Each structure stands twice: as C-alpha cells, then as structure tokens.
Asks: 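Encoded as structure tokens, here's the structure I'll be asking about.
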Amino acid sequence: MELQKPFICCWVFVFVVVFAQVVNGFYLPGSYMQTYSNKDPIYAKVNSLTSIETELPFSYYSLPYCQPDGGIKKSAENLGELLMGDQIDNSPYRFQMNVNETVYLCTTSPLNEHEVKLLKQRTRDLYQVNMILDNLPVMRVTSQNGVKIQWTGFPVGYTPSDGGADYIINHLKFRIMVHEYEGSGVEIVGTGEEGLGVISESDKKKASGYEIVGFHVVPCSIKYDPEVMKKHNKYDTLNPISCPGELDKYQVIREQERISFTYDVEFVKSDIRWPSRWDAYLKMEGSRVHWFSILNSLMVISFLAGIVFVIFLRTVRRDLTRYEELDKETQAQMNEELSGWKLVVGDVFREPDCSKLLCVMVGDGVQILGMAAVTIVFAALGFMSPASRGMLLTGMIILYLILGIAAGYVSVRVWRTIKGTAEGWRSVSWSAACFYPGIAFIILTVLNFILWSSNSTGAIPISLYFELFFLWFCISVPLTLIGGFMGTKAQPIEYPVRTNQIPREIPARKYPSWLLVLGAGTLPFGTLFIELLFILSSIWLGRFYYVFGFLLVVLLLLVTVCAEVSVVLTYMHLCVEDWRWWWKAFFASGSVALYVFLYSINYLVFSLQSLSGPVSATLYLGYSLLMAIAIMLATGTIGFLMSFYFVHYLFSSVKID
C-alpha cells in the first residue's frame, strides 16, 4: 500500500497539469465571441517582440515602453505558447467602444546608454511589436507599387536607408472595425477560420452589441516637446495628431532623450461578421497558397507512383504465376533461372544487425506518425484554428504522450518476431520510451542554453522542463511499458520459411546498394517539398498556416509513395540475392529526411538571407534537425512495415520445400 502512494500522487499531479494545460489551450469554437456596448472599456495585450532576422523573441517590456497601471500581469499561457516563446502581458493601451479619441500615455525618463543601445539594436534587427485585441493580432497595411501588402505587428523603430540616426515609433493610429450585432431573435452560425460560432438562446440578449472584427494600426514617429507633454496626465485627451513626413520631425533615439508615447483610435463599422474576421489574416501577402502548384505537384507524384505500382504489380504477378505453374521437379531446375529472390529463401528472415535499435526506431516512428496523422485530421476539421495560440503544439505533445502505448506495442512485437521470444521486452520498451525524447531533450537543452544566454523569452523555463519531464515519466513511459506488455501477449508473427544456419554469400555489386537507397528518398520528397515551403514560412516568417486539408492529402500521398518506394527497392535487392533488406527498407523511405534537412539549409541560405548571426543560424539548424529526425522515423517506419508485409506475403505465396 505504501508503495502505491507515490504512484497515485504522480498520476494525480499529471492529471492536474494536463487538465490545466488543456483548459488554457483549448478553444471552444464560438465560445470566445464577446460583444461590447458603447463606451465599454477594451484592453489590448502585448506579445513578445519578434524578428525574422534573429528568431530570438524578447519581452515587450525589455524596452522602455509605458507600463500599465497596477503593474505588468502575464496572461495564462498554455504549454504550446510557452514552448513557442510567447509571453502575453497586459498593456497600457485601452479603448472605449465607439469613442474616437487621441490619448496621451506617458513620457519616459531620459534614456541611458543601455536603453539607447537596446532600442537601436532592436530597431536595426527589424523587431516587431505584436499587439492583441479581443484575440486578434494587430495588422499593418501599406501599398507598394500599387500592390496592397499587409502583415501583423508594427516595427519598434525606423532606420532610414542612409543608415544614419534611428527613430522610435511612439505614436500609433489604431483603426478598430466593429460589427453591430442584434442578439434578439438572431442565431449566429458561422464557419470561419475560428471554427463554428453559435450563440445559444439564453445568450442572445446579453450578446447584443458590437463585435470586434478588425484591428489595424498605422505606426508613426513624432518628436514631442517633453516639457509640454509632462504636463498631461495619463489617458488625457489630446487634439488630433497627424503623422509627419519629414525626418527632422521624427523622434530620434539617443541618450538623454525623453520620449512621449501617444495613440489615437478610430472605430469603423464593418459588414464583416465575427466568424469571418480571420479571413483577412489568412489572405495576407506571402501566405496565399499556390493552389495550382500544389495540385500540379500532387498530380505528377500520383501519376509517377501509379506507374511504379503498376509496373511492380505486373512484374511480381508474372513471376509468381510462372513459378506456381511449374511442377516440383521443374521448380527445382528453374530456381536459378528465375529471379533471384527465391534463392534467398533461407536467409530472407535472418536477424538484421542492431535489431534492437531497429525495433525501437520503428516503434517511435509509429508514435510520431500517429501523432502527426491525428493532429492534421483534427486541424483539417477546424479544431485547431489560428485563433487558438499554442493549441496545435499542445495537442501534438498530448497525443505523443498517449501514443506511447503504440510505440511500446509495435517495438516489442517486432522484437518478438525477430527474436522468436519475448525475452528482453522491458529493455526494448524502455529504449522506445527514451529514444526520440532523449534526442529531443539533448537538442532542446543545447538550444535553450543559447536562448538563456541571450535573455530571450524563447528559452524554456526550468519549471516547464520539470513539467515536461513529469508528463513524459508519468504518462509516456508507463503507457509505453503497457504497450510493450501487450506486445508480448499478442499473437506472434510466424515466418513462412525456415532460416538456414549458414548465411548465404551475397554477390558482389557494381555500385553500392546504399546509393540506391539514398536516391529513393527523392520521390517521397517530391510529394511534400512545396508544402514544406509553406510550413517553413509559417514557422520562421511568422505567417499563418491554415491549409490543413491539403496537408492531409499530402500526408496520405506521402504514406503511399513511401510504401511503394520501399517495397520496390526491397524487391530489387532480393532479386540480386541481397537478403539484408531490413535496414534498407527502413532507409529507402526514411532517406527523405536527408532531403528535408538539405532543403531546410537551402531555405536558410536563400529565403532567410536576413537571418543574422551564428546564434540564429544554430537555432534554425537545431530545430530543423529535430524535425528531420522525426520525419526519418515516421517515413522509415512506413517503408519497413510495408516491406515486411510484402516479403512475408511473397514467400507465403510460393510453395517452397
């Protein structure tokens, strides 16, 4: 009884942590709709400062900005937001519904050397301020050569092309779009990107009012007289202010300067309804999906995969038909004349090298593949919209923990098949529970030390490290061991042929077989490289990724192509009497990860040219390596399992004495 108490306490702790994270992160579609009456106060929040040049997020209040009354208060953040480096705080910016006004915030004390250096560095590194109102990120709209360009956030400051002085953004012109909603007798049912929005009968009356459907900003730099501005109190109303066009009227960043911060707000009525308010963000320049390119790629890959599949079926079927039509004497005579795969009948199921590692990698691959598939399906159904910050990553982590049972089951089942006994299953289960999480822990710890040394909000807090450790140790590890135990009780997979005691000599090859294996990864890579571009842009350029329906199609196509490529290569190796197919089947499809990593390097060199410094490049390559390893395990598992089924079926279909 005493031994059970720590175990029970551990599970109670896990339940509380997971439940708290899910409650913070889960976004009930339609539940966040909020309506305001005239003159109702509305408070904006601020997220971490971000830059596509450094990829190092920093706290908004690391710069000398005005602080809110009552001090800085952090908003509740879910697991995904913490891992992504988000730090959402309250801000001094407050508005009154349908009240257009110009407001004074504060005047800073004279800037010291450290503050000037920090402001100049953040300005030149193109850091953006990310503000949030009613769960909508602030959007900036401009025109270049007659083309409308819009993106989220606004810059910390402005540096002219001559590279002389730096100027701070200290006046913001907000434009808040509102939709008037009469709740009485109306039921809202929307299918926008925030999910299905429904207002119940009991909520209709209290829901009447105005909904916020847009949040735009025009940033300005204005030089004020600090002595005049200091006479104002916080939130005093000022006369309307226009943005200057001359540099000498901008607020320069230099020592002993006192900077005054102001803003004005304009409310504009809009026909946009609340469920459709995210459409403007998803149509932003640079995040439009090239539908034709993706469809063209999918059609080409499908066509190539179909040709490979048809040729393969015809070859194997003809081979099997010819062999089965012969009598036993003729079969014995024809064994060496027909394709060489029948010559390795006594070696094809011989135990491969590093069999335990193979079992562990296949088990972890099933876990990662299951996590990716379920996440993409839920996202495609609209359960993980861009409005739910961090929900995607939180869901992936929880799914990964739960699917530990699948990793344990598959790895032990494969181990039992190879060894013919369940002995050693605990070691295999423990290895499956620790393999990929161990790699992730090492990489993330190294990257975290880099982030800590830079004082970035992207660094994972120590408390979160312990949370993740307990989640892994108290959920993933026990479930993996349970899955391993279930694998020992499952019906064993019997080989259709016996294995000879003496291995058959493999004929010499003109070229290394691993060259063919590595080349095989190009076909699966062709199915995902276009989608990979948009995913990388979403991660590193701060663009919204929302075409999960296409991603689901790409995933299904990737699974199909990985299976076909691996089976074809396995058959080719067996035909040349190479019975060491186990690892080659895994890496035939798993080698796509090599091309993904090389493509990531290509993206770093050509699409992230502005990325500055070795720290940023190290972070990028570290995260890319972690992603490539996960892809290798998932795709390699697809190829191995399909090849094993094919080899088992092939040698079960032939009468061999």
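In this text the structure is predicted, and so the values were computed from the model without any measurement. In what follows, residues are counted from 1 in the order of the sequence shown.
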Asks: Measure the CG-OG1 distance between Leu551 and Thr375 for me, rounded to the nearest 0.5 Å.
Replies: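 Answer for the CG-OG1 pair, Leu551 versus Thr375, is 10.5 Å.
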Asks: Going through the distances and angles, do Ser643 and Tyr571 end up as a side-chain hydrogen bond (donor to acceptor under 3.5 Å, both in side chains)?
Replies: CA-CA 9 Å; Ser643 292; Tyr571 180 72; over 6 Å; no
Asks: Give a yes or no on whether Tyr645 atom OH has more than 12 heavy-atom contacts from other residues, nucleotides or ligands under 6.0 Å away.
Replies: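 It does not: Tyr645 OH has 12 such atoms or fewer within range.
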Asks: Any luck finding a side-chain donor-acceptor pair between Ser75 and Asn90 under 3.5 Å?
Replies: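 On atom types as modelled, these side chains do not qualify, holding no pair under 3.5 Å.
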Asks: Below 30° counts as parallel, above 60° as perpendicular, anything between as tilted: where do the rings of Trp582 and Phe349 land?
Replies: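 Because their plane-to-plane angle is over 60°, the rings of Trp582 and Phe349 count as perpendicular.
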Asks: Does the side chain of Thr480 pick up a donor-acceptor pair with the side chain of Ser429 at under 3.5 Å?
Replies: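 Judged by distance alone, the side chains do not pair up.
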Asks: Using a 4.5 Å cut-off on heavy atoms from C-beta on, say whether the side chain of Leu619 contacts that of Thr54.
Replies: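 They are not in side-chain contact.
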Asks: Can you name the nearest heavy-atom pair linking Gly622 to Ile443, along with the distance?
Replies: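 Nearest pair, atom of Gly622 first, then Ile443: O-CG2, 3.7 Å.
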Asks: Please report the shortest heavy-atom distance between Pro524 and Leu558, naming the atom on each side.
Replies: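 That would be O-CD1, 3.6 Å.
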Asks: Hydrogens and angles aside, do Tyr603 and Ser624 bring a side-chain donor and acceptor to less than 3.5 Å of each other?
Replies: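 No.
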Asks: Taking atom types as modelled, is there a side-chain donor on Lys356 or Ser427 under 3.5 Å from an acceptor on the other?
Replies: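 Their side chains do contain a donor-acceptor pair, which is all the 3.5 Å distance test asks for.
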Asks: Any sub-3.5 Å donor-acceptor pair from Trp415's side-chain atoms to Glu423's backbone N or O?
Replies: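 Indeed, once roles are kept as given, a pair shorter than 3.5 Å links the two residues.
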Asks: Donor-acceptor pair, Tyr595 side chain versus Leu518 backbone, under 3.5 Å?
Replies: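 Yes; judged by distance alone, with no hydrogens or angles, the pair exists.
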Asks: For Phe485, does the CZ atom have more than 12 heavy-atom neighbours from other residues, nucleotides or ligands under 6.0 Å away?
Replies: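 Atom CZ in Phe485 is not packed in, count stays at 12 or less.
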Asks: Are the side chains of Val414 and Val428 in contact, using a 4.5 Å heavy-atom criterion?
Replies: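 A side-chain contact under 4.5 Å is absent here.
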Asks: Using every non-hydrogen atom in the two residues, find where Ile418 and Ser355 come nearest and quote the distance to one decimal.
Replies: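 Minimum heavy-atom contact is CG2-CB, 4.1 Å.
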Asks: Under 6.0 Å from the ring centre and within 45 degrees of the ring axis: does the NZ or CZ of Arg416 meet both conditions for the six-membered ring of Trp425?
Replies: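 Judged by the rule, Arg416 and Trp425 form no cation-pi pair.
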Asks: Mark yes or no for whether Ser62, through its side chain, and Ser59, through its backbone, hold a donor-acceptor pair below 3.5 Å.
Replies: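 Between the backbone of Ser59 and the side chain of Ser62 there is a qualifying donor-acceptor contact (under 3.5 Å).
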Asks: What is the distance from atom CG of Asp89 to atom CD1 of Ile72, rounded to the nearest 0.5 Å?
Replies: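 With rounding to 0.5 Å, CG (Asp89) is 6.5 Å from CD1 (Ile72).
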Asks: Would you name the heavy atoms of Ala520 and Ala588 that are closest together and state the gap between them?
Replies: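 Of all heavy-atom pairs spanning Ala520 and Ala588, the closest is CB-O, 3.5 Å.
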Asks: Would you call the rings of Tyr599 and Phe529 parallel, tilted or perpendicular if under 30° counts as parallel and over 60° as perpendicular?
Replies: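 Plane angle over 60°, so perpendicular.
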Asks: I'd like to check Leu621 versus Leu625 (side-chain heavy atoms, cut-off strictly below 4.5 Å). Are they in contact?
Replies: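 Counting from C-beta outward, Leu621 and Leu625 never come under 4.5 Å.
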Asks: If we ignore hydrogens and angles and just use 3.5 Å, is the side chain of Tyr620 paired with the main-chain N or O of Ser600 as donor and acceptor?
Replies: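 Yes, because the side chain of Tyr620 sits within donor-acceptor range (under 3.5 Å) of the backbone of Ser600.
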Asks: Are Val477 and Trp472 close enough, and set up right, to give a side chain to side chain contact (heavy atoms under 4.5 Å, CB included), and what steps lead you there?
Replies: CA-CA 6 Å; Val477 171; Trp472 168 77; 3.5 Å; yes
Asks: Name the orientation class of the two ring planes belonging to Trp452 and Phe449 (parallel below 30°, tilted from 30 to 60°, perpendicular beyond 60°).
Replies: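 Answer is perpendicular, since the angle exceeds 60°.
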Asks: Going through the distances and angles, do Ile52 and Leu608 end up as a side chain to side chain contact (heavy atoms under 4.5 Å, CB included)?
Replies: CA-CA 8 Å; Ile52 61 172; Leu608 293 179; 5.5 Å; no
Asks: Counting distance only, does the side-chain N/O of Thr445 pair as donor-acceptor with the main-chain N or O of Phe441 below 3.5 Å?
Replies: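 Yes; judged by distance alone, with no hydrogens or angles, the pair exists.
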Asks: With heavy-atom distances below 4.5 Å as the criterion, would you say the side chains of Phe435 and Leu357 are in contact?
Replies: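 Heavy-atom side-chain distance check passes, below 4.5 Å.
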Asks: Determine whether a donor-acceptor pair (N or O, by modelled atom type, separation under 3.5 Å) exists between the side chain of Thr560 and the backbone of Leu556.
Replies: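 Checking the backbone N and O of Leu556 against the side chain of Thr560, a donor-acceptor pair under 3.5 Å is found.
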Asks: Step by step, would you call Leu447 with Ile460 a side chain to side chain contact (heavy atoms under 4.5 Å, CB included)?
Replies: CA-CA 10 Å; Leu447 298 182; Ile460 301 174; over 6 Å; no
Asks: So, taking the atom named CE in Met396 and the one named CG in Leu393, what distance separates them when rounded to the nearest 0.5 Å?
Replies: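 Nearest 0.5 Å value for the CE-CG distance: 6.5 Å.
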Asks: Run the numbers on Lys584 and Trp514 for side chain to side chain contact (heavy atoms under 4.5 Å, CB included), then give the verdict.
Replies: CA-CA 8 Å; Lys584 292 169 185 175; Trp514 284 103; 4.2 Å; yes
Asks: Can you confirm whether Met486 sits close enough to Arg413 that some side-chain heavy atom of one is under 4.5 Å from a side-chain heavy atom of the other?
Replies: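 Contact flag for Met486/Arg413 side chains = no.
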Asks: Do Thr570 side-chain atoms and Ala585 backbone N/O form a donor-acceptor pair below 3.5 Å?
Replies: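 Checking the backbone N and O of Ala585 against the side chain of Thr570, no donor-acceptor pair under 3.5 Å is found.
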Asks: Just by distance, do the side chain of Thr618 and the backbone of Pro614 share a donor-acceptor pair under 3.5 Å?
Replies: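 Yes; at least one donor-acceptor contact below 3.5 Å.
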Asks: Within the 4.5 Å heavy-atom criterion, are Phe651 and Leu574 side-chain neighbours or not?
Replies: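 Yes - at least one pair of side-chain heavy atoms lies under 4.5 Å apart.
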Asks: How far does CE of Met391 sit from CD1 of Ile398, to the nearest 0.5 angstrom?
Replies: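 One gets 7.0 Å once the value is rounded to the nearest 0.5 Å.
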Asks: What I'd like to find out is whether the side chain of Leu444 reaches to under 4.5 Å of the side chain of Leu626, using heavy atoms alone.
Replies: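 Yes, their side chains come closer than 4.5 Å.
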Asks: Is a donor on one side and an acceptor on the other found under 3.5 Å between the side chain of Ser589 and the backbone of Thr635?
Replies: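 Confirmed, Ser589 side chain pairs with Thr635 backbone.
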Asks: List the atom of Pro352, the atom of Leu358, and the distance in Å for their closest heavy-atom pair.
Replies: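 Answer, listing the atom of Pro352 first, then Leu358: CG-CD2, 4.1 Å.
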Asks: Can you spot which of Thr50, Asn47, Thr152, Asp86 makes a side chain to side chain donor-acceptor pair (under 3.5 Å) with Asn130?
Replies: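 Option passing the side chain to side chain donor-acceptor pair (under 3.5 Å) with Asn130: Thr50.
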Asks: How long is the span from the CG atom in Leu56 to the OG atom in Ser51, to the nearest 0.5 Å?
Replies: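 Atom-to-atom, Leu56:CG and Ser51:OG are 8.5 Å apart.
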Asks: Does any part of the side chain of Asp364, heavy atoms only, come nearer than 4.5 Å to the side chain of Gln367, both counted from C-beta?
Replies: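 When only atoms from C-beta onward are counted, Asp364 and Gln367 do touch, with a gap below 4.5 Å.
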Asks: Rounded to the nearest 0.5 Å, what separates atom CZ in Phe383 from atom CZ in Phe548?
Replies: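 So the gap between those two atoms works out to 14.0 Å.
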Asks: If we ignore hydrogens and angles and just use 3.5 Å, is the side chain of His573 paired with the main-chain N or O of Leu569 as donor and acceptor?
Replies: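 Flag set: sc His573 to bb Leu569 pair under 3.5 Å.
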Asks: What are the two closest non-hydrogen atoms of Gly370 and Leu403, and how far apart are they?
Replies: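 Of all heavy-atom pairs spanning Gly370 and Leu403, the closest is C-CD1, 3.4 Å.
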Asks: Do Tyr495 and Thr417 have a side chain donor and acceptor closer than 3.5 Å?
Replies: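 Distance-only check fails for Tyr495 and Thr417.
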Asks: Might you work through the ring pair (Phe, Tyr, Trp, His ring centres under 6.0 Å) test for Phe587 and Trp583, ending with a clear yes or no?
Replies: CA-CA 6 Å; Phe587 284 113; Trp583 280 108; 5.8 Å; yes
